[in-house]
Amino acid sequence: MITETITSSLSKALEDLGVSSSPTQINLEQPANKDHGDWSSNVALATAKTAGWVPRELAMKIAEMINSDLPSGVESVSVAGPGFINFAVSPEWLHHVLQVAIEQGTTEFGKTDIGHGKRVNVEFVSANPTGPLHAGHARGACYGDSIANILQAVGFDVQREFYVNDRGLQMSLFAESLLAFKSGSIVPENGYGGAYVEEWSREMPNGLSIQGALDWGCKYAIDDQRQTLEMIGIVFDSWFSERSMVDSGAIEKTMADLENNNASYLEDGATWLKSSDYGDDKDRVLVKSDGEFTYLTPDVAYHRDKFSRADWLINVWGADHHGYIARMEAAMEALGHEAEQLTVTITQLVKLVRSGEEVRLSKRHGDIIELREIVEEIGPDATRFMYLLQSVDTKQTFDLDLAASKVMDNPVFYVQMAHARIRSIQNKAETLGIWPSRSSDADLSLLEHERELEILRNLFNFSDIVQLSARELAPHKIAVWLRELATSVHGFYHDCYVVGETVPPELTSARLQLVEAARIGLVSGLDLLGVSAPDSM
RNA sequence: GCCCUCGUAGCUCAGGGGAUAGAGCAUUGGCCUCCGGAGCCAUGUGCGCAGGUUCGAAUCCUGCCGAGGGCGCCA
């Protein structure tokens with residue numbers, strides 16, 4: 001790889017000059033300004049001070065040394081600005097990327113093994129089984145599934161998990177609400193009065209007990225949620241039942257262990273977790289004075305169970321659960337787990353906009369926008385791409401009109417269109433009998449056009465982008481990269497014909513390889529986001 | 001009051017120590033003999049404010065201002 005060649009030549013020059021440097025100080029980047037070469041290093045700026053050099057003089061010296069014995073593939077070295085060392089490189093390194101992409105194909109391109117098979121459990125959505133999924137669940141759903149994809153791509157052993165809160169006060173209220181609608185009586189205070197409850201109650205069998213209604217409603221809700229998730233291609237490996245831990249005694253076991261670790265105490269008739277000993281603002285109740293568990297207690301037991309099955313836990317929670325992080329981390333520490341074994345990602349709220357007006361997500365019954373409605377309105381691909389296009393750290397404004405539109409406003413169409421155009425080229429080549437062809441037939445050195453090189457530069461970066469988005473749990477970096485690749489494909493399409501009377505056959509062969517590599521890049525990136533790559537739009 | 005996230009172009013957002021801060025939309029103006037014009041190209045007085053660290057800050061630190069969320073023996 002060209003970057004390794006450059007890094008080692010820099011490190012050798014530094015060594016010869018007696019400048020000590022750690023490998024992390026030798027950074028390479030691709031300058032935004034093409035006048036600054038293909039690759040650039042700031043190592044002279046980073047090391048000059050401690051080594052007693054003037055940065056620019058150190059850079060000049062290094063450049064001189066490397067220039068006197070240029071590594072293969074490097075055409076020239078120069079110094080610019082305060083002491084950047086800039087490398088001009090022959091395009092072979094980019095042609096190499098093309099071959100890699102085609103050899104690896106969509107199943108391998110961009111994949112690495114930095115995870116070393118470490119088991120990671122990604123828990124997301126985990127909506128209460130008391131109703132359909134709504135718009136508020138969508139961001140966490142798309143995000144969680146995509147980071148699971150990305151972590152898999154970099155070599156983690158990933159489990160997707162949905163925690164089902166199938167017991168407790170909310171479930172009882174839900175069951176009572178179903179029964180109330182069924183019998184035509186008044187829905188209990190703090191119960192569920194939404195229109196869907198009435199609809200569901202009509203399908204519920206007559207004569208059920210509270211427990212019977214609870215069981216029926218829970219199953220109905222889970223089935224509904226599962227179907228909605230499948231509409232956007234999300235399939236969980238496991239649906240973990242909270243109630244199962246009551247039956248198994250896991251909750252009592254956790255309570256006992258907390259007590260043994262001196263992490264809980266009795267006061268005012270309740271059992272408290274000493275979470276303030278572990279960084280939380282205050283202690284938290286585990287068992288209420290009425291003998292019921294709080295929400296926290298089974299959840300702590302649940303996290304222990306996850307730790308018995310995974311080395312690293314990721315929780316995707318909505319912004320309204322932010323205050324809950326400290327107490328869960330405290331509980332895990334009290335039970336002997338390391339802080340870095342649990343990562344909680346908070347997704348900020350999404351504001352839905354339609355026709356320029358905010359769509360209110362009120363809890364008042366009837367006003368809830370179901371996720372199913374959104375998917376039916378704009379389609380699964382637009383749903384996923386739009387939610388994943390920006391960082392979950394920021395509040396998102398999601399324009400339903402824009403997502404539903406089939407014009408340029410819509411980024412998902414822009415990216416998918418790039419793929420469709422490539423397929424269109426390939427179809428044409430196929431009818432002429434020149435595709436598929438063997439890559440060894442093509443002379444890749446013919447690929448010199450700036451448009452061609454731009455595509456290749458993007459493809460070169462893919463693996464790094466995947467690793468970065470895994471490290472930062474940031475799928476939007478993939479989405480942004482896809483848009484850039486699509487831009488370069490559209491530009492290429494416009495300026496460079498692949499198949500045509502004016503194009504020499506050798507160039508056609510080389511460009512057919514190029515568009516196939518670009519196609520592999522598009523499909524690979526879209527796969528990580530769970531978005532399809534259609535042959536035609 | 002305390003905690004978390006965020007303030008970047010008219011709008012929606014990237015960029016999270018490097019060189020002249022980017023993209024899409026919108027605006028204005030150009031491009032179709034030929035693989036899909038659902039496209040391409042050009043067009044910008046913008047990093048909330050003030051200090052600090054650094055050779056270098058949109059980026060890191062502190063304070064302030066603003067937006068959202070959280071601070072229950074709710075989930």
Side-chain angles (χ1 to χ4, degrees), chain A residues 27 29 31-33 35-36 40-42 45-46 48-49 54-56 80-84 86 126-128 130 165 168-171 173 190 267-272 280-282 284-296 299 318-326 346-349 351 353 356 386 389-399 402 405-411 413-414 416-418 420-429 432 451 472 476-477 479-481 483-484 487 489-503 508 511-512 515 536-537:
Chain A
N27 290 317
E29 60 175 30
N33 185 339
D35 294 340
H36 296 144
S40 176
S41 178
N42 64 347
L45 292 160
K49 193 174 187 185
V54 175
R56 192 167 166 105
F84 292 101
N86 297 332
S126 297
N128 285 342
T130 54
N165 305 120
L169 179 64
Q170 294 304 314
M171 276 313 288
L173 286 168
N190 297 323
E267 190 175 290
D268 298 335
T271 307
W272 296 71
D280 197 3
D281 293 341
K282 54 185 88 165
R284 308 290 175 174
V285 172
L286 291 165
V287 183
K288 296 185 265 183
S289 50
D290 67 2
E292 287 289 325
F293 296 125
T294 61
Y295 180 82
L296 176 65
D299 207 9
D320 55 338
H321 281 64
H322 143 257
Y324 192 74
I325 298 173
I346 293 297
T347 62
Q348 296 298 318
L349 297 182
K351 183 170 79 174
V353 174
M386 295 299 285
L389 192 54
Q390 59 192 262
S391 161
V392 289
D393 286 341
T394 75
K395 297 183 291 272
Q396 182 174 29
T397 301
F398 192 131
D399 189 329
L402 184 140
S405 69
K406 306 207 170 186
V407 291
M408 249 319 288
D409 307 32
N410 191 341
F413 280 91
Y414 185 78
Q416 290 182 319
M417 185 62 193
R421 286 188 137 171
I422 289 172
R423 292 295 298 125
S424 160
I425 293 169
Q426 292 178 333
N427 281 336
K428 174 151 183 171
L432 294 171
R451 296 294 202 182
E472 298 186 3
H476 76 277
K477 289 177 189 293
V480 169
W481 176 84
R483 228 166 36 167
E484 285 169 6
T487 298
V489 167
H490 287 306
F492 165 82
Y493 180 87
H494 184 261
D495 287 352
C496 306
Y497 276 82
V498 176
V499 181
E501 292 164 18
T502 55
V503 187
T508 293
R511 284 180 173 170
L512 282 170
V515 296
S536 63
M537 301 299 294

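Letters A, B, ... are given to chains in the order of the sequence lines, protein chains preceding strands, and every chain is numbered from 1. All figures in this text were calculated on a predicted structure; none of them were measured in a lab.
Inter-residue side-chain proximity for Tyr493(A) and Ile422(A) is flagged as unmet; no heavy-atom pair is nearer than 4.5 Å. Here the side chains of Val515(A) and Arg421(A) are not in contact, with every heavy-atom distance at 4.5 Å or above.
Here the side chain of Lys282(A) is nearest to one of C71(B), C55(B), C73(B), namely C71(B). Residue Asn42(A) has its side chain nearest to G18(B) when only A14(B), G18(B), C13(B) are considered. Of the candidate nucleotides G15(B), C34(B), C41(B), C41(B) has the atom nearest to the side chain of Arg451(A).
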Distances under 3.5 Å between nitrogen or oxygen atoms of protein and nucleotides 1-5 of chain B:
residue: C4(B); atom: O4'; partner: His322(A); partner atom: NE2; Å: 2.9
residue: U5(B); atom: O2'; partner: Asp393(A); partner atom: O; Å: 2.2

Where do N or O atoms of nucleotides 19-23 of chain B meet protein N or O atoms at under 3.5 Å, pair by pair?
residue: A19(B); atom: N6; partner: Ser40(A); partner atom: OG; Å: 2.4
residue: A19(B); atom: N6; partner: Asn86(A); partner atom: OD1; Å: 3.0
residue: A19(B); atom: N1; partner: Asn86(A); partner atom: OD1; Å: 3.3
residue: A19(B); atom: N1; partner: Asn86(A); partner atom: ND2; Å: 3.2
residue: U20(B); atom: O4; partner: Asn33(A); partner atom: ND2; Å: 3.1

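Taking atom OH of Tyr295(A) as the reference point, atom C1' of C73(B) lies 17 Å away to the nearest angstrom. To the nearest angstrom, P of U59(B) lies 17 Å from CD of Glu472(A). One can place NE2 of His476(A) at 12 Å from P of C13(B), the figure rounded to the nearest angstrom. The CZ atom of Arg423(A) sits 17 Å away from the P atom of C35(B) (whole-angstrom rounding). Computed from coordinates, the Leu349(A) CG to A67(B) C1' distance equals 12 Å when rounded to whole Å. Straight-line distance from the CG atom of Leu169(A) to the C1' atom of G72(B): 13 Å, rounded to whole Å. Counting to the nearest Å, the P atom of C35(B) and the CZ atom of Phe492(A) are 14 Å from each other. One can place NE2 of His321(A) at 15 Å from P of G69(B), the figure rounded to the nearest angstrom.
No side-chain donor from either of His494(A) and Arg451(A) sits under 3.5 Å from a side-chain acceptor of the other.
Atom name P, nucleotides C64(B) and C2(B): the rounded distance is 8 Å, in whole Å. Taking atom P in both G1(B) and G18(B), the straight-line distance is 36 Å, to the nearest Å. One P atom belongs to C71(B), the other to U62(B), and the distance between them is 25 Å to the nearest Å. G52(B) and C13(B): their P atoms are spaced 33 Å apart (whole Å). Comparing A42(B) with G56(B), their P atoms are spaced 35 Å from each other, to the whole Å.
Each of Gly500(A) and Gly168(A) lies near RNA chain B, and the nucleotide nearest Gly500(A) is the one positioned closer to the 5' end. The residue among Thr397(A) and Gly269(A) whose nearest nucleotide of RNA chain B is located toward the 5' end is Thr397(A).
For Asp393(A), the side chain to side chain donor-acceptor pair (under 3.5 Å) test picks out no residue, with sequence neighbours left out. Scanning for side chain to side chain donor-acceptor pair (under 3.5 Å) contacts around Gln426(A) gives Arg423(A), Glu516(A), with sequence neighbours left out. Annotation: ring pair (Phe, Tyr, Trp, His ring centres under 6.0 Å) contacts of Tyr324(A) (sequence neighbours excluded): Tyr295(A), Trp317(A).
For Lys288(A) and G72(B), the shortest distance from a side-chain N or O to OP1 or OP2 is not below 4.0 Å. Contact annotation: Tyr493(A) does not reach the phosphate of C41(B) (side-chain N/O to OP1 or OP2, under 4.0 Å). The side chain of Lys428(A) contributes no N or O atom lying less than 4.0 Å from OP1 or OP2 of C34(B). Under 4.0 angstrom from either OP1 or OP2 of C35(B) there lies no side-chain N or O belonging to Arg511(A).
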Fill in: Dot-bracket line, read 5' to 3' along RNA chain B, where crossing pairs take [ ] and | marks a partner on another strand, Watson-Crick or G-U under 3.5 Å
(((((((..((((....[...))))..((((.......)))).....(((((..]....))))))))))))....

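Among the atoms of the strands shown, only primed sugar atoms or phosphate atoms (P, OP1, OP2) are found under 4.0 Å from some heavy atom of Thr294(A). Within 4.0 Å (heavy atoms only), Lys477(A) reaches sugar-phosphate atoms of the nucleic acid but no base atom.
Stacking here means ring centres nearer than 5.5 Å and ring planes tilted less than 30 degrees, and by that measure Tyr497(A) stacks onto C35(B).
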